[in-house]
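Here is the structure we will look at.
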Amino acid sequence: MEESSQQRLKGWQVLVIILVILFIAGGGYLIYRKTNAGSGGAAATGLPANTQLVTVQTGDIVNSVSASGAIAFSNSDNLSFNISGTVDKVNVEAGDTVKKGQVLATLDSISLTPLQLAVAQARVNLKSAQDALTTAQTPYDPSDLNQAKLAVANAQVALNTANDNLDKANTPYTQADIDAAGLAVVNAQVSLNLSQDNLDKAKTPYTQADIDAARLAVTNAQVAVTTAQDNLDNAKTPYSQSDIDTAKLAVANTRVAVTTAQDNLDKANIPYSQTEIDNARLAVITANISLNTAQTNFDIAFWNYIGTETEANLVTYRLRLAQLNVAKDNLTSAQKNLDAMLAAPDPQVVAQKEAALAVAQNNLAQAQQNLTDMLAAPDPLVISQKQAQVTVAQNNLATAQQNLADILAGPDLLVISQKQAVVVVAQDTLATAQQNLAEMTPDPLAIALNQVKLTNALEALNDALDTLNTTMSADLTIKAPYNGVMTAVKLQAGQQATSGTVVMTVVSTAAAQVNAVVNEIDFPNLKVGQPVSISVDALPDYAFTGNVSELSVFGSNSQGVVSYPITMSIDMLTGVTLGQGMSATGTILFSQANNVLVIPNRAIGGTNANPTVSIMINGALQTRPVTLGLTDGTQTQVISGLQTGDRVLEATTASRTGAGGAAFGGAGGIPPGGGGFPGAGGTVIRAAPGG
């Protein structure tokens with residue numbers, strides 16, 4: 001037993017040892033191949049001297065311009081008073097820091113007194129001119145003039161009234177009046193007849209014919225309701241003739257019509273019992289089983305016939321095919337029967353019948369109400385109202401007849417004579433009143449002269465008011481327009497200040513800029529609005545940002561070097577104070593490509609128009625065209641032709657000739673006579689498949 005156990009253990013150990021040896025040997029071989037491929041590959045390809053392999057990877061290409069200059073504050077304002085006057089207070093000195101809205105200086109309010117006196121005097125002059133014009137326009141006592149005007153007006157009214165009365169006495173009624181009176185008689189007669197008819201109708205509002213018609217309408221409405229009920233019941237109960245006869249008989253009893261209709265509606269919604277539906281489902285299941293059995297029998301017969309093609313198997317095949325078709329038809333029929341039982345009744349037909357029943361019921365109710373109204377006794381209140389209308393109409397007729405009789409009687413000669421006398425007196429009174437008023441007419445020349453004086457006085461007052469209002473609306477103070485520092489204060493309390501004369505200067509510390517210059521090579525790359533990173537020599541711990549705010553196209557030439565002035569605005573930092581004249585440097589970013597493929601410039605060959613790199617595939621060097629993008633002078637973006645992980649052969653000297661005769665450019669240079677791209681002769685090494 002002990003020997004057998006040792007033999008089994010030794011066999012197992014042998015197997016494990018063999019596997020471990022094979023694994024170590026295989027791994028060692030792979031490591032050996034990888035090592036030779038990585039270290040011996042360059043030697044095997046014969047790489048030129050003074051070259052090295054650089055892996056293509058992603059990076060950023062950033063191009064910028066640096067410009068140094070001095071910090072200056074952007075906003076500066078010269079301040080002055082809006083009006084002239086004596087300076088009352090000066091609250092600041094040059095160098096003081098001020099806040100927006102802070103009062104810097106004020107004028108003495110006494111400066112308004114002469115203007116106020118001028119306005120008061122102008123008002124007095126205007127009042128005098130108004131009084132003089134009023135005196136010229138009304139040389140007499142206003143009450144006397146008003147009484148004279150009133151007398152003329154009253155006399156004119158009296159004369160007009162007297163003439164009207166005389167005319168009316170001569171022809172008291174025109175043909176239009178007579179026609180109107182006749183029409184009034186006719187209208188009164190018509191109104192009387194209408195009132196009498198209304199009274200008669202109130203006493204006997206309906207004739208026997210009306211009552212018979214109402215009864216007929218009720219009967220017709222009842223028939224319509226019965227017909228509608230029958231139609232609804234027919235729609236809700238699609239059953240046998242005996243069921244229909246039973247339903248019609250039930251409708252005849254109006255007390256249970258609603259209950260019967262509801263029962264019929266419920267049965268229309270569920271025309272089949274649950275037992276019938278379950279039987280139909282069972283029939284479908286049975287048909288399915290029969291179909292499956294027939295399908296199985298058919299499959300057996302089919303394959304038997306295919307295998308032997310005997311006459312007996314052919315007969316059996318055809319029999320099984322017929323049975324299969326019958327089973328399919330049975331299943332289809334059973335499924336249709338089940339679907340019909342499960343289908344809901346036609347909701348549109350049921351809704352139409354319900355609507356017809358509602359209309360018929362409303363018609364029956366209206367007809368019954370009409371019959372009730374016709375059979376009821378007349379309303380005493382209505383009779384009383386109609387009797388009153390008849391009385392009013394009779395009185396109107398009598399009045400109209402009397403008016404017509406008066407019109408046809410003709411004018412009264414005595415009345416005419418009296419009216420003529422009244423007209424003569426009114427004419428004399430009017431003439432006297434007009435004469436009295438004419439004698440009170442003012443002098444037109446005096447009125448015109450005083451009108452001119454009044455106009456001049458009014459213009460003088462308006463001018464004085466305008467001057468005063470303008471002065472009063474003007475602020476007597478100078479206020480700081482923003483937070484800043486006073487750089488100049490040119491007045492003292494007690495001095496005379498003239499409107500518009502500059503007396504103070506304030507500079508805003510909220511906005512600053514760097515005034516710098518750039519050379520003519522960098523200038524075309526700049527645009528207003530480009531972002532700027534700004535460093536201030538005096539504040540090395542702070543990083544400021546901004547943008548290019550101004551670019552001048554007028555350059556200056558100094559010893560053959562052309563430069564252009566630019567302005568860079570600074571985004572102010574909270575709690576950080578900048579000083580006028582501090583030295584600052586701005587870095588302006590004008591092109592950038594992030595996370596792109598990049599290679600050293602010395603790995604690029606070919607020409608500017610057709611750049612290339614040298615790649616090695618399976619141990620042989622090949623020239624590969626590439627498409628290049630941005631460059632920062634040291635490395636260049638590769639748009640197409642390479643991929644991440646490729647290894648580029650880069651020249652390590654300024655200029656030499658590599659494999660295949662490709663020229664390696666020096667730093668930033670193109671080989672003479674060849675038009676080569678700077679850094680020509682790049683080679684890419686790719687691992688061969690499986691290597």
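FYI, the numbering just counts along the sequence from 1. For the numbers below, each heavy atom of this structure counts, side chains included, while hydrogens, waters and symmetry mates do not. This one's a predicted model, so the numbers in the text were calculated from it and none came from an experiment.
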With a 3.5 Å cut-off and sequence neighbours excluded, list the donor-acceptor pairs that the side chains of residues 295-303 form with protein atoms.
{"residue": "Gln295", "atom": "NE2", "partner": "Asp299", "partner atom": "OD1", "Å": "3.1"}
{"residue": "Thr296", "atom": "OG1", "partner": "Asn292", "partner atom": "O", "Å": "2.9"}
{"residue": "Asn297", "atom": "ND2", "partner": "Thr293", "partner atom": "O", "Å": "3.3"}

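- Applying the side chain to side chain donor-acceptor pair (under 3.5 Å) rule to Gln323 yields the partners Arg320; only residues at least two apart in sequence or on another chain are considered.
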Side-chain donor-acceptor contacts of residues 94-103 below 3.5 Å, not counting sequence neighbours, with atom names and distances?
{"residue": "Asp96", "atom": "OD2", "partner": "Glu93", "partner atom": "N", "Å": "2.8"}
{"residue": "Gln102", "atom": "OE1", "partner": "Lys99", "partner atom": "N", "Å": "3.1"}

Exercise. Do Ile566 and Ile588 pass the side-chain contact (heavy atoms from CB on, under 4.5 Å) test, and can you show the C-alpha distance, the side-chain angles, and the key distance before you say yes or no?
Worked result: CA-CA 11 Å; Ile566 67 170; Ile588 306 165; 3.8 Å; yes
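- Of the possible polar contacts, none joining the Gln495 side chain to the Val87 backbone as a donor-acceptor pair under 3.5 Å is found.
- Residues forming a side chain to side chain donor-acceptor pair (under 3.5 Å) with Thr505 (at least two apart in sequence, or on another chain): Asn78.
- For residues 573-584, there are no side chain to side chain donor-acceptor pair (under 3.5 Å) pairs, not counting sequence neighbours.
- In this view, Arg318 satisfies the salt bridge (charged side-chain N to carboxylate O under 4.0 Å, His left out) rule with no residue, not counting sequence neighbours.
- The side-chain contact (heavy atoms from CB on, under 4.5 Å) check on Ser68 picks up Thr585, with sequence neighbours excluded.
- Listed by chain and number, the residues in a ring pair (Phe, Tyr, Trp, His ring centres under 6.0 Å) with Phe73 amount to none (sequence neighbours excluded).
- When the side chain to side chain donor-acceptor pair (under 3.5 Å) test is applied to Glu550, no partner is found at least two apart in sequence or on another chain.
- Checking side-chain atoms of Thr607 against main-chain N and O of Asn610 turns up a donor-acceptor pair under 3.5 Å.
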Side chains of residues 532-548: which donor-acceptor partners sit under 3.5 Å, not counting sequence neighbours?
{"residue": "Thr545", "atom": "OG1", "partner": "Asp571", "partner atom": "OD2", "Å": "2.9"}
{"residue": "Asn547", "atom": "OD1", "partner": "Ser569", "partner atom": "OG", "Å": "3.2"}

Problem set entry | Stepwise side-chain contact (heavy atoms from CB on, under 4.5 Å) test for Leu53 and Leu649 | CA-CA 5 Å; Leu53 293 176; Leu649 187 63; 3.8 Å; yes
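- Atom-to-atom distance recorded for Ile639:CD1 and Leu628:CG is 7.5 Å, nearest 0.5 angstrom.
- Looking only at distances, a side-chain donor or acceptor of Ser84 sits under 3.5 Å from a matching main-chain atom of Ser499.
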What donor-acceptor contacts under 3.5 angstrom involve side-chain atoms of residues 59-66, with partners at least two apart or in another chain?
{"residue": "Asp60", "atom": "OD1", "partner": "Asn595", "partner atom": "N", "Å": "2.8"}
{"residue": "Asn63", "atom": "ND2", "partner": "Ser591", "partner atom": "OG", "Å": "2.9"}
{"residue": "Asn63", "atom": "ND2", "partner": "Thr631", "partner atom": "O", "Å": "3.2"}

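- Scanning for side chain to side chain donor-acceptor pair (under 3.5 Å) contacts around Asn594 gives Gln592, with sequence neighbours left out.
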